[in-house]
Protein chains: 2
Amino acid sequence: MNGRTGTPVTIGAMESSSTTPGGSARREATRQKLYEAAVTLIAEQGFSATTVDEIAERAGVAKGTVYYNFASKSVLFEELLRHGVGLLTASLRQAAETTAAEGGSRVDALDAMIRAGLVFIDRYPAFTQLYVAELWRTNRAWNSTLLVVRQQAVAVVEGVLHEGVAQGEFSEEIDVPLTAAALVGMVLVAALDWKSFQPGRSLDDVHAALSRLLQGRVSGRR
Amino acid sequence: MNGRTGTPVTIGAMESSSTTPGGSARREATRQKLYEAAVTLIAEQGFSATTVDEIAERAGVAKGTVYYNFASKSVLFEELLRHGVGLLTASLRQAAETTAAEGGSRVDALDAMIRAGLVFIDRYPAFTQLYVAELWRTNRAWNSTLLVVRQQAVAVVEGVLHEGVAQGEFSEEIDVPLTAAALVGMVLVAALDWKSFQPGRSLDDVHAALSRLLQGRVSGRR
DNA sequence: GTTTTTGCACTGACCAGTCAGTTCAAGTTA
DNA sequence: TAACTTGAACTGACTGGTCAGTGCAAAAAC
């Protein structure tokens, strides 16, 4: 119900990529409501500070329903993570492919991916916030989930960098994994900062600033 | 004591910038131990998931001592934040000033600040992790503390960018606040990724990759 | 003799997870 | 089409445990 009637504001409203193939429509709708409630609360307060009662209340559902749909609080969170990063990587990959199909260069592809990242964060700020807050934590139950999920996202950027180097478009001296991490970080942090501290700026402004940095037009010389 | 006898591993070993001017040496030593214990535990587990008993135990101190030295768990955390960011900004500022004194350009200053940031993160990874995890959270008790503390750090970078633009070294079209945020993000995320997922790489490797990105040697054209 | 630390028992609030019971919706039968 | 059946989905009071913070007398450090 929720996913179809309004503009999606949080990750909860993402299309169901069949988390549970046999799930009924009713059940799926309930899960969506729970995702949506959980993502904002956890982004604001953190995982441990968010109670299952709060999630249930915000979703307009009884506490028991949470446990009917998810084995535990952590499992709910892990599925939320998988859900969100799946959408992000799909979006990045599509940006890269579209650019390639239109005959753009690898720099154009990176640029398109930066924009895709910004659009995603613009749409699902709470999810992004939560992802960044949890990514580098060690010793948590969902750590392995995060590792996989991070690798998925970074791999898309690394792919484009590798292609660029192979075709001589990028310098051979670049360090692909480190550069990919730096690029992802640049986008994540700039976007979160934009949302939190400079919300008046347009997406285009942010994109332009990052684009300039990528293309060495800030301090390029040599 | 710790700051002089061995290689400091966590923020707890930072020089005391006189949090409480009247504090005795003994008291200050206890506080340091508590900072050190708290920063690693909170980085690993998050604020809410870390108990006061754990902090006391890791610091080798009785629980009552925690409350003798800090009004509450949150206050301990806030003072920890102020402590850490103070050191970071001091380090950044010094890098910029040293470069200027040696007659370096503004790009050199940015480069030196990137290295200073990396050195800091290398030394105090737990603090950095915790900072990133909390920075964009809203509705937390220590939110105002974080805001001030972020502004301090970003302002140093903005200062160098402004100077560079004023002197014609950087393009006038750059967006100073956004670019500063992006640069800080680039360093933070690349460094955390380095520590978590590519710990084998040297600081110089990471610095070189970021430097290249800054100077447009990845995809510079135009 | 004053400041700081210790050790530990205690309280009151809070919270993850459970479970016996209720409601819903999609049949099936008459 | 109305009455009945069934299993899936949902409910919310309850439980057992945890944890921030307190209080205090005695010991240690300075």
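Both backbone and side-chain heavy atoms feed into the values below; hydrogens, waters and symmetry mates do not. The sequence lines fix the lettering, A, B, ..., with proteins before strands; numbering per chain opens at 1.
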Separation of atom [atom1] in [X] from atom [atom2] in [N], rounded to whole Å:
{"X": "B:Asn69", "N": "C:dT3", "atom1": "CG", "atom2": "P", "value": "15 Å"}
{"X": "B:Arg27", "N": "C:dT2", "atom1": "CZ", "atom2": "P", "value": "17 Å"}
{"X": "A:Ile55", "N": "C:dC15", "atom1": "CD1", "atom2": "C1'", "value": "12 Å"}
{"X": "A:Leu34", "N": "D:dC10", "atom1": "CG", "atom2": "C1'", "value": "12 Å"}
{"X": "B:Glu57", "N": "C:dT6", "atom1": "CD", "atom2": "C1'", "value": "15 Å"}

- Letter by letter from the 5' end, nucleotides 20-30 of chain D scores (B base, S sugar-phosphate only, - none; protein heavy atoms under 4.0 Å) BBB------SS

- Message: Could you tell me if A:Ser211 and A:Asp111 have a donor-acceptor pair between their side chains, going purely by distance under 3.5 Å?
- Response: yes

- Message: Would you compute the distance between atom OG1 of A:Thr179 and atom CG of B:Leu213 and round it to the nearest 0.5 angstrom?
- Response: 6.5 Å

- CD1 of A:Ile121 to CG of A:Leu88, rounded to nearest 0.5 Å, is 7.5 Å

Which atom pairs, one a donor and one an acceptor, fall under 3.5 Å between side chains of residues 126-134 of chain B and the rest of the protein, sequence neighbours left out?
{"unit_1": "B:Thr128", "atom_1": "OG1", "unit_2": "B:Tyr124", "atom_2": "O", "d": "3.2"}
{"unit_1": "B:Gln129", "atom_1": "NE2", "unit_2": "A:Trp136", "atom_2": "O", "d": "3.0"}
{"unit_1": "B:Gln129", "atom_1": "NE2", "unit_2": "B:Ala43", "atom_2": "O", "d": "2.9"}
{"unit_1": "B:Glu134", "atom_1": "OE1", "unit_2": "B:Arg137", "atom_2": "NE", "d": "3.4"}

- So what does B:Val61 touch, heavy atoms closer than 4.0 Å: a base, only the sugar-phosphate, or nothing? sugar-phosphate

- Answer yes or no: is there a side-chain heavy-atom contact under 4.5 Å between B:Glu36 and B:Arg58? no

- Item | Any A:Thr65 side-chain nitrogen or oxygen under 4.0 Å from OP1 or OP2 of D:dA9 | no

- Presence of A:Tyr68 side-chain N/O under 4.0 Å of D:dC10 phosphate oxygens OP1/OP2: no

- Query: Under 6.0 Å from the CD atom of B:Gln151, do we count more than 12 heavy atoms belonging to anything else shown?
  - Reply: yes

